[in-house]
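These numbers were taken from a predicted model, which means no experiment stands behind them.
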Amino acid sequence: MIAVIGGATLLRLRLASALPLVDDEAYYWTWAQHLAAGYPDHPPAIAWMISASTALLGDSPLGVRAGAVLLSAGIALLLLDLGRRMYGPGVGAAAALAYQLIPAFSIGSIFAFPDAPFVFFWALALWALWRARTDGRPRDWYLAGLAAGLAALSKLHAVFLAVSMLGFLFWTPSERRWRLRAEPFRAAAIALLVFLPVILWNADHAWRTFRRAQNPAVWISTSLPVLNAAAFAAAQLAYYGLLSAPLLVAAVARLGAGDHRRDVRSVFLLWSTLPILIVTWLISFDGVPKPHWHATGFLIALIAGGVMWDAAGRRRWVRPLSISALVLNLAVIVALAVLPFRPNYAGAGELWAWEAAASRTDALLQATPAEPGRFLLMRAYQTAAQMDYNLRRKHLVVTPFGGDAYDLWVNHQALIDWNAIYIGDLPSGPGVPLAQMFQRVERLPDLEIVWGGRVVRRFAVYRGFGFRGVPRPRIETELIVE
């Protein structure tokens, strides 16, 4: 299994170096250029991770992603050892192998998203907790608290980790003895101390991270809550496998049935998976949660899947169906890895257009009057971050409507009378009130990006003279400049 994990890691590193950054990765790279204890969207762990890896490997895609790929290897090793400690080497090996063949984990672990440190520290916290309650060594308790705090530094979803850990310790009859011991409370204090910088940052920034978490963007919106939940359930089949997702749910359900539910190992796994799975599925009727939000629940369910595999003698269908599920997943993973390099790939413009677009934009900005200053204006943080990354911060990049991290770094009033280039996706046009934002605006020729012998993306380009500021109220869709 060490060889399998090492080989999978090398393949991920190769793919990570070959693919351009996606929009959110570029955005997190910009965070790493402005290190802080918090950001409007998430806590800061992803920015710190990218800052460390790029300091060692440079600002290449591999430099941005190396930390995420290496943490993925760490997750597999934690699964391997946790399964071994709880049930035996067969269960640990099955869980670690299945981790390599679940699409969301295998492909998702290539990208530098907040989930990379979040999932790793979630797994580390539970691994340390199991060691602590079996071996009783204080250092394992403190490691569990440290890991839980670092998970909270990665994503606010770590609240479910706290529910899982505290629920297991304080509601499981065999574990209630820990109520009288100091180690769990010291571990909780360590976790809170690690998370304290995020609290202090938010207190100084109108609680922006927490307010964003309270009002997340809707993932899918249909006319019926049942359809929202059905779409979310269907997405599980794409993320966690057409056959493997139902098998993992069945494996978790099996732990709560019969004699299994009296086994402390089953109770530990149920507490580690069910809180985040149940809550996420319940709120899916509102269309809010994204399919990866409860990935940690499916991660620990891999150990339950290993248990079902190991005890498959009485259920002859388990192993053939499990093998079929993993083979099908492998085919999906290979297809997803190869697809972006195909010349006729429909999403090529989202991946391959930005380097050429940035080069052309640099020339446009160089031709824009530099006095009293000039900047690049992009409507959304995703496109702004792509330009920022591919220009390597050569020019000031601005978003107009606030609400993102650029709002923390750029004071619009300081740009009054500056000149700008505005670039927006076609066919939507500018989507911002340029006529109100500048004293004079001129339309420039469209920017076309060619990849694989065809146009993969077209941008509308405008040059604005004499920035006036962003009008209030902030209008996003009016006054399209001809």
Report summary line: What one should report as the nearest heavy-atom pair of A358 and L391 is O-CD2, 3.4 Å
Query raised in the report: So which heavy atom on P103 is nearest to which on A238, and how close?
Result: CB-O, 3.9 Å
Query - Side-chain (R131) to main-chain (D140) donor-acceptor, under 3.5 angstrom - result: no
Requested in this report: Identify the residue among I190, L193, L124 that makes a side-chain contact (heavy atoms from CB on, under 4.5 Å) with L146.
Outcome: I190
**Report entry** G403 to P40 - nearest heavy-atom pair and separation
**Finding:** O-CB, 4.0 Å
Only distances under 3.5 Å count here; give the side-chain donor-acceptor pairs of residues 284-298 to other protein atoms, sequence neighbours excluded, each with its distance to 0.1 Å.
unit_1, atom_1, unit_2, atom_2, d
S284, OG, W281, O, 2.5
H294, NE2, Q236, OE1, 2.6

Requested in this report: Please tell me if the side chains of L396 and L415 come closer than 4.5 Å, counting only heavy atoms from C-beta onward.
Outcome: yes
Report summary line: Nearest heavy-atom contact between M1 and A93 is CG-CB, 3.7 Å
Query raised in the report: Does some side-chain heavy atom of T9 sit less than 4.5 Å from a side-chain heavy atom of V69?
Result: yes
Report task. Using a strict 4.0 Å threshold on nitrogen-to-oxygen distance, state whether R457 and D425 make a salt bridge. Result -> yes
Query raised in the report: Under the 3.5 angstrom rule, does the side chain of R265 hit a backbone N or O of M86 as a donor-acceptor pair?
Result: yes
Report task. Ignoring hydrogens and angles, state whether a donor on the side chain of R12 or S109 is under 3.5 Å from an acceptor on the partner side chain. Result -> yes
Query raised in the report: In Å and rounded to the nearest 0.5 Å, what is the CD to CZ distance from E175 to F170?
Result: 11.0 Å
Requested in this report: Kindly compute the distance separating CG (D310) from CD1 (I303), expressed to the nearest 0.5 Å.
Outcome: 12.5 Å
Requested in this report: For residues M387 and L376, report the shortest heavy-atom separation together with the two atoms involved.
Outcome: CB-CD2, 3.7 Å
Query raised in the report: Any idea how H34 and W409 line up, ring-wise: parallel (<30°), tilted (30 to 60°), or perpendicular (>60°)?
Result: parallel
Query raised in the report: Side-chain donor-acceptor pair under 3.5 Å between D23 and Q386, yes or no?
Result: yes
**Report entry** Worked verdict on F168 versus R133 for side-chain contact (heavy atoms from CB on, under 4.5 Å)
**Finding:** CA-CA 11 Å; F168 171 71; R133 51 89 50 197; 4.1 Å; yes
Query raised in the report: Does a sphere of radius 6.0 Å around CZ in R177 hold more than 12 heavy atoms from other residues, nucleotides or ligands, not counting ones at 6.0 Å or beyond?
Result: yes
Query - Separation of L243 CG from L248 CG (nearest 0.5 Å) - result: 11.0 Å
Requested in this report: Kindly assign one of parallel, tilted or perpendicular to the pair W201 and H205, based on the angle between their ring planes and the thresholds 30° and 60°.
Outcome: parallel
Query raised in the report: Short question: side chain of E25, backbone of A112 - any donor-acceptor pair under 3.5 Å?
Result: yes
Report task. Could you check if a side-chain atom of Y239 sits within less than 4.5 angstrom of a side-chain atom of I102, using non-hydrogen atoms only? Result -> no
Requested in this report: Considering non-hydrogen atoms only, spot the tightest contact between A32 and I50 and give its length.
Outcome: CB-CG2, 3.8 Å
Query raised in the report: Out of curiosity, I300 CD1 to T273 OG1, how far, rounded to the nearest 0.5 Å?
Result: 8.5 Å
Query raised in the report: Looking at side-chain heavy atoms only, is the closest gap between L19 and P61 below 4.5 Å?
Result: no
Query raised in the report: Are L161 and F121 close enough, and set up right, to give a side-chain contact (heavy atoms from CB on, under 4.5 Å), and what steps lead you there?
Result: CA-CA 10 Å; L161 176 61; F121 289 122; over 6 Å; no
Requested in this report: Output all residues satisfying side chain to side chain donor-acceptor pair (under 3.5 Å) with W31, sequence neighbours left out; order by chain, then residue number.
Outcome: none
Query raised in the report: What do you reckon, are the aromatic ring centroids of W48 and Y39 less than 6.0 Å apart?
Result: no
**Report entry** Backbone N/O of Y389 and side chain of R392: donor-acceptor pair under 3.5 Å
**Finding:** yes
Report task. Would you check, one step at a time, whether the test side-chain contact (heavy atoms from CB on, under 4.5 Å) holds for W309 with V91? Result -> CA-CA 8 Å; W309 169 273; V91 171; over 6 Å; no
Requested in this report: Give a yes or no on whether R211 atom CZ has more than 12 heavy-atom contacts from other residues, nucleotides or ligands under 6.0 Å away.
Outcome: yes
Query raised in the report: Hey, are the side chains of W122 and I276 touching, using non-hydrogen atoms and a 4.5 Å cut-off?
Result: yes
Report task. Return yes if some donor-acceptor pair links the side-chain N/O of N329 with the main-chain N/O of L101 below 3.5 Å, else return no. Result -> yes
Query raised in the report: Can the positive tip of R176 be found less than 6.0 Å from the middle of the six-membered ring of W178, inside 45° of the ring normal?
Result: no
Requested in this report: Kindly compute the distance separating CG (L21) from CH2 (W29), expressed to the nearest 0.5 Å.
Outcome: 9.5 Å
Requested in this report: Hey, could you give me each pair passing ring-ring contact (aromatic ring centres under 6.0 Å, His included) that has a residue in residues 53-100? Not counting sequence neighbours.
Outcome: Y99-F105
Query - Minimum side-chain heavy-atom gap S72-V119 below 4.5 Å - result: no
Query - side-chain contact (heavy atoms from CB on, under 4.5 Å) evaluation trace for W219 with N228 - result: CA-CA 9 Å; W219 176 66; N228 293 338; over 6 Å; no
Query raised in the report: How about D24 and Y381: do any of their side-chain heavy atoms sit closer than 4.5 Å?
Result: yes
Query raised in the report: Checking S53 side chain against G63 main chain: does a donor-acceptor pair fall under 3.5 Å?
Result: yes
Query raised in the report: Hey, is the main chain of H260 close enough, under 3.5 Å, to the side chain of S266 for a donor-acceptor pair?
Result: yes
Query raised in the report: Is T280 reaching over with its side chain to a backbone N or O of L277, donor-acceptor style, under 3.5 angstrom?
Result: no
Query raised in the report: Taking the side chain from S244 and the backbone from Y240, do they hold a donor-acceptor pair closer than 3.5 Å?
Result: yes
Requested in this report: First locate atom CD of Q382, then atom OG1 of T399, and finally report the distance between them rounded to the nearest 0.5 Å.
Outcome: 10.0 Å
Requested in this report: Output yes when a side-chain donor or acceptor of R85 lies under 3.5 Å from a complementary backbone atom of T134, and no otherwise.
Outcome: no
Requested in this report: Check whether any side-chain heavy atom of Y27 sits under 4.5 Å from a side-chain heavy atom of D404, and report yes or no.
Outcome: yes
